[in-house]
Every structure is written in structure tokens, then in C-alpha cells.
Amino acid sequence: MENIISIVKKDLKEIAQKFNISKDPIVEINKNNIDSHFSTTLALMSAKELKQNPVQLAENIKHELLQKDYYDQIEIAGPGFINIKLKTELLSTTIKNITTLKEAYGKNENKNKIINIEYVSANPTGFLHVGHARNAVTGSVLEEVLKFDGYEVQTEFYTNDAGNQINILAVTVFVHYLWALGIEAEKPANTYGGTFYDDLANIMIQKYGDKFKNLTFTETAISDEETHQIFRKEAVQHFLAEIKQQLKDFGVVIDHYSSEQEMYDTNQIEKLLKEYKEKNATYEADGALWLKTTEFGDDKDRVLVKKDGSLTYIVPDLATHNIRIQRTHADVLINIWGGDHHGYIPRMRAGLQLLGHNPDILEIEMVQMVRLIKDGKEYKMSKRKGTAVWLVDIMEMVGKDALRYMLASKSSSSHMDLDLDLVQQKNATNPVYYAQYATARCHSILNQADQKNIKANLNVSNLLSNKKEVELLLTLDNFNQVIQMSAKNRAPQLICEYIQTVCKQFHSYYADTKILDENDVPTSEARLGLVLSVLQVLTNAFNIIGVSALETM
């Protein structure tokens with residue numbers, strides 16, 4: 001089913017071809033109280049190309065448009081703007097489109113392309129914090145937007161389970177294990193903080209008893225290597241399971257979990273270094289092995305293997321991306337990374353090019369810091385102690401829906417202040433409440449209609465003609481354009497902006513209009529169709545951002 005804006009664009013495209021205009025027509029919804037629905041700058045953009053007066057060209061375009069019987073009025077404004085007003089009957093077909101397609105409304109055609117998104121990828125060393133939460137929302141909403149826009153989407157989580165942070169984790173858990181046995185031990189300065197290590201310590205006691213009680217430790221190692229490996233493995237498994245559960249509770253399920261340790265165990269690092277050598281992409285200097293990343297735009301070549309034989313951070317990253325490209329057959333890989341990784345991008349792209357991959361296959365979306373505000377000042381407290389405010393704490397405080405909505409509502413590339421008091425307000429100042437109140441209001445109207453035995457009219461109608469009805473119809477019709485823009489720009493926040501626009505228009509319409517009038521049943525039936533359409537579109541948009549469309553408040 002074609003939406004209205006697509007019909008207008010199609011008509012203008014046919015006219016452009018007829019007049020030998022090379023530019024694609026741009027069509028926008030008119031605002032600022034202009035008495036028309038759409039505007040186009042096609043004449044202004046094309047006059048120079050055709051060597052014509054833009055006003056005369058606009059008149060010619062107007063003449064062609066009026067050959068179609070669904071255009072009500074075409075006006076030429078200023079130096080050649082074309083303002084387009086449609087007949088109410090065509091506008092009302094939006095209701096038919098929405099109520100026929102239902103949960104599929106807004107979806108775009110299958111693009112036969114695969115996009116693989118890697119997101120969250122938190123170290124399995126503890127609970128998820130608010131930064132991980134923002135990354136999780138950015139990734140999961142982008143996943144749904146891209147699916148709506150016709151892409152096949154795969155998701156994955158890269159587990160950093162091989163570095164020194166896992167040695168520190170093992171020691172952290174071991175100290176808590178000793179404490180749980182009643183043994184005094186001084187925790188090294190650089191180990192992790194949080195009372196949730198006590199839970200794992202008690203599990204270790206249930207499983208192994210006190211058999212490790214006489215061992216000693218340093219900051220990065222337990223004195224017995226076999227025991228150290230036990231604590232490493234148990235801790236990684238425990239916290240990875242905890243992370244998966246916390247993500248699930250937050251409305252995030254990731255398809256594939258890859259492991260850095262597994263790459264070492266299957267000799268993928270050696271294979272990568274060998275492949276670079278065979279491609280003449282490396283050289284030795286100052287006792288180190290270097291990668292020729294400057295050949296593909298990096299500001300300097302990068303060390304792969306240091307003088308002491310240890311690997312730099314980029315080596316496992318390049319290896320896992322190489323494997324990911326081969327395993328997924330994706331057309332695009334998207335990584336959602338913290339803002340501090342910005343300088344890392346050129347060397348990653350260069351490293352992949354040196355393996356023969358298209359550098360454009362890799363996109364990086366940055367997620368900036370979130371600062372929590374409570375009682376007007378920064379909030380840093382956590383019931384579970386440690387150095388961060390944990391996701392589980394914030395969800396207990398404000399709920400999944402409120403947290404997901406607010407984290408999705410602002411561009412992830414911008415720093416964010418999240419006011420915890422605001423999102424608990426039950427009034428219009430809270431955008432989450434304001435949005436959910438709109439779906440609850442729709443349900444309330446539908447229930448009242450049932451009681452009055454008024455049925456929605458979903459067919460073509462000329463009864464939805466007041467300004468606020470037309471405004472809503474145009475906005476609802478524009479949903480799939482918003483999806484396209486959100487997907488193209490990797491901008492999930494556009495969905496929240498759209499939700500706020502629909503809700504603002506609907507609440508205003510409700511305040512000004514008697515939707516159910518037993519003295520005018522035909523108009524009530526048409527308006528009920530509009531209410532059903534608002535509810536469906538909001539529900540679809542809410543599903544994309546992983547928030548509940550409430551029936552009651």
C-alpha cells in the first residue's frame with residue numbers, strides 16, 4: 001500500500017521525467033499554518049538546468065498535477081515554491097493503510113542486505129552500568145529500526161575474556177572467597193569493587209569448600225596456577241550469565257556471543273599475523289612487528305607485536321573482525337563503541353583493507369557518557385557499591401520503560417544528563433509518561449466507543465477535515481519516512497522525536513475535539529478510525545524502542 005507522501009513524490013517524479021528534469025523531487029510536510037499539506041522546491045531546483053523561469057516552470061508542474069483528481073488545490077508561492085493541498089478522501093486512506101497493515105505499518109521493502117551490529121560487549125568482570133545501558137539501548141533500537149527498514153540484522157557481543165582484566169577478576173573473587181570463609185585478606189588496590197562478588201564467593205564455597213584457603217595472591221595472580229584458572233573460568237561464566245540476564249531484563253537479546261579467549265585457543269592470532277606477512281603488510285623495526293596502516297589513511301603505522309613479544313590491543317580486534325566478516329557474510333558491520341575509542345577507527349579500517357576487505361564495511365557509532373542527576377545534582381551512589389551506578393539499581397528506581405525511552409531519546413553521540421526525578425514524574429513534563437498516556441487515552445476512547453456501540457469507520461471518508469485531524473493524518477502517513485531517515489542516519493532518537501510529535505498532536509486534538517458524539521455518529525466513526533490509527537502507529541514505534549504501549553495509567 002502506498003502512503004500519501006509517496007503518491008505525491010511519484011507524481012512529481014513522472015512530471016520531472018516528462019520535463020527532462022534530472023533531480024529527484026523533494027517533498028516536505030507543510031508547517032507554520034500554511035493552508036496546504038505538502039510543498040516541493042522542484043521548480044526552484046530545476047529552473048536553471050532547464051533555463052526556464054522558476055515561476056513559469058512551477059505553473060507547468062501545477063498544470064500536470066491538477067490532471068489527477070485527488071489534488072484539491074495547488075498554489076505557487078514566492079519565487080517558485082509549490083504548495084500542494086490534497087482532497088480529504090485521499091488523506092483518509094492513511095487510516096485504511098494503517099489498520100490493514102497493523103504491526104507491519106511503517107515497514108519498508110526488503111533490501112536483501114545483511115547488517116551485523118556488535119554492541120554492549122562489556123567485560124565479564126561485574127554488573128552492567130549506566131554506560132552499558134545506553135550502549136544496549138542504542139544497539140537494540142538501531143537493530144529494530146534497520147529491520148523495519150528492510151534489512152536482515154544480526155547482533156553480537158564480543159567478550160573480552162582473555163586479557164589481564166580477567167586475572168584481576170580472578171583475584172577479586174578470590175579475596176571475597178577468603179572473606180566469606182572468615183579469613184582476613186587485604187584487597188589489592190586495582191581489583192574490582194562491588195558487593196555482588198560476595199554472591200560468587202559463596203557459590204565457590206558451595207562448589208569447592210575451603211580447599212583454596214591457604215593460597216596467597218598478588219594483584220593479578222593466585223599463587224597456584226590451576227586454582228587461578230578455576231577462578232578465571234568460574235568468574236567469567238558467572239558474570240557473562242549475569243550480563244545476559246540483565247540484558248534480557250532490560251529488553252535486549254543478542255544473537256551471537258564471540259570470545260577473545262577462543263581466538264587464542266584456535267590459533268586465530270597466529271593465522272592473522274601469517275596472513276599479513278603473506279600479503280607483505282608488515283615489517284620489523286626496533287625489535288617490533290609493525291602493520292603498514294599508513295598505506296590506507298592511518299596517520300602512522302601500528303605495532304602488532306611489541307619488543308617483549310606481547311600483542312597490542314589492535315591484534316585481537318583485527319582478528320575478531322576478520323572472522324566476523326567471514327562468518328556473517330554481512331554487507332555492513334556496525335560497532336557501537338564508547339566515545340573514547342574515536343582515534344581507533346582509522347587504524348581498524350586500514351588493518352581490514354590490508355586483509356583485502358572493503359574499508360566501508362566497518363561503521364563505528366559512538367556512545368557518549370551518561371551523567372545521572374538526582375535532587376538537582378550528580379548521582380553516584382549505588383546500593384551494590386563499587387565505582388558505578390549499576391543498571392539493576394536504575395531499573396529498580398525508574399523501571400525498564402522509562403530508562404529505555406530516555407536513553408533512546410537523545411543522539412548517542414551527545415553527552416547526556418538523565419534526570420532520575422523527572423522520569424518518575426506522572427505529568428506531561430515527563431516525556432515517557434506523556435507518550436504512554438497517549439496510548440492509554442486511545443484505549444479509554446475505544447472502551448467508551450464500545451459502551452456507546454459506536455464502530456470505527458476505516459474506509460475512505462471526507463469527514464476528517466479539521467486542521468488537527470489533517471495534521472495527525474499527515475504525521476501518521478510519514479511514519480515510514482521517519483523509519484528510513486532513522487535507519488539511514490543510524491539515528492534511533494528520531495523514533496522518540498516522532499512519538500513526541502504524534503502524542504503532542506493527539507493530546508491537542510483530544511482537548512479540542514469531541515471525538516465521540518452520539519448526535520453525529522458518522523463523524524464519530526471516522527474519528528474513531530483515526531484514534532485506532534494513532535494507537536497502532538504509536539504501538540509500532542514503541543515496539544521499536546522496546547517500551548510498553550500501556551492500556552491504562
Please report the C-alpha distance between Q154 and N116 in whole Å, then the side-chain angles of each, then the deciding distance to 0.1 Å, and finally whether the side-chain hydrogen bond (donor to acceptor under 3.5 Å, both in side chains) criterion is met.
CA-CA 5 Å; Q154 309 164 345; N116 177 283; 3.1 Å; yes
Does the side chain of [X] reach to within under 4.5 Å of the side chain of [Y], using non-hydrogen atoms?
X    : Y    : value
N83  : S39  : yes
I7   : K9   : no
F38  : I5   : yes
H321 : L362 : yes
L65  : L12  : yes

Between atom [atom1] of [X] and atom [atom2] of [Y], what is the distance when rounded to the nearest 0.5 Å?
X    : Y    : atom1 : atom2 : answer
D317 : Y344 : CG    : OH    : 4.0 Å
L446 : E551 : CG    : CD    : 10.0 Å
T93  : L90  : OG1   : CG    : 4.5 Å

Any idea how H132 and H129 line up, ring-wise: parallel (<30°), tilted (30 to 60°), or perpendicular (>60°)?
parallel
Should the ring pair F506 and Y509 be called parallel, tilted or perpendicular, given that the plane angle runs from 0 to 90° and is split at 30 and 60?
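It falls in the tilted class, 30° to 60°.
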Can you see whether [X] engages [Y] through a side-chain donor-acceptor pair at a distance of less than 3.5 angstrom?
X    : Y    : answer
N60  : Q56  : yes
S444 : Q448 : yes
E518 : S524 : no
R349 : N358 : no
S140 : R404 : yes

Could you tell me whether E525 and K455 make a salt bridge, using a distance below 4.0 angstrom between a side-chain N and a carboxylate O?
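Judged by the 4.0 Å cut-off on N to carboxylate O distance, E525 and K455 do not form a salt bridge.
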Carefully, step by step, assess D421 and Q425 under the rule side-chain hydrogen bond (donor to acceptor under 3.5 Å, both in side chains).
CA-CA 7 Å; D421 296 317; Q425 297 289 324; over 6 Å; no
Residue pairs meeting ring-ring contact (aromatic ring centres under 6.0 Å, His included), one or both in residues 450-493, sequence neighbours left out, come to F479-Y498
How would you list all residue pairs meeting ring-ring contact (aromatic ring centres under 6.0 Å, His included) that involve residues 45-90, not counting sequence neighbours?
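Sorted pair list comes back empty.
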Return yes if some donor-acceptor pair links the side-chain N/O of T155 with the main-chain N/O of I117 below 3.5 Å, else return no.
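No.
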Under 3.5 Å donor-acceptor, S461 side chain and L463 backbone
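Side chain of S461 to backbone of L463, a donor-acceptor pair under 3.5 Å: yes, one is there.
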Return each pair, listed once, that meets salt bridge (charged side-chain N to carboxylate O under 4.0 Å, His left out) where at least one residue sits in [range]; pairs must be two or more places apart or across chains.
range            : answer
residues 142-151 : K111-D149, E143-K147, E144-K147
residues 77-106  : D35-K85
residues 472-498 : E363-R490
residues 50-64   : K18-E64

Of T94, N97, N480, N478, which is the lone residue that meets side-chain hydrogen bond (donor to acceptor under 3.5 Å, both in side chains) with N3?
N480
Test the K107-F148 pair against the cation-pi criterion, namely NZ or CZ under 6.0 angstrom from the six-membered ring centroid and within 45° of the ring axis.
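Positive - K107 is close enough to the ring of F148 and near enough to its axis.
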Output, in order, the C-alpha distance, side-chain angles, deciding distance and verdict of side-chain hydrogen bond (donor to acceptor under 3.5 Å, both in side chains) for R371 and H415.
CA-CA 8 Å; R371 194 171 68 128; H415 287 274; over 6 Å; no
For K468 and T513, what are the C-alpha separation, side-chain angles and deciding distance, and is it a side-chain hydrogen bond (donor to acceptor under 3.5 Å, both in side chains)?
CA-CA 9 Å; K468 293 194 174 180; T513 311; over 6 Å; no
Would you check, one step at a time, whether the test side-chain contact (heavy atoms from CB on, under 4.5 Å) holds for I334 with L142?
CA-CA 10 Å; I334 298 176; L142 184 56; 4.3 Å; yes
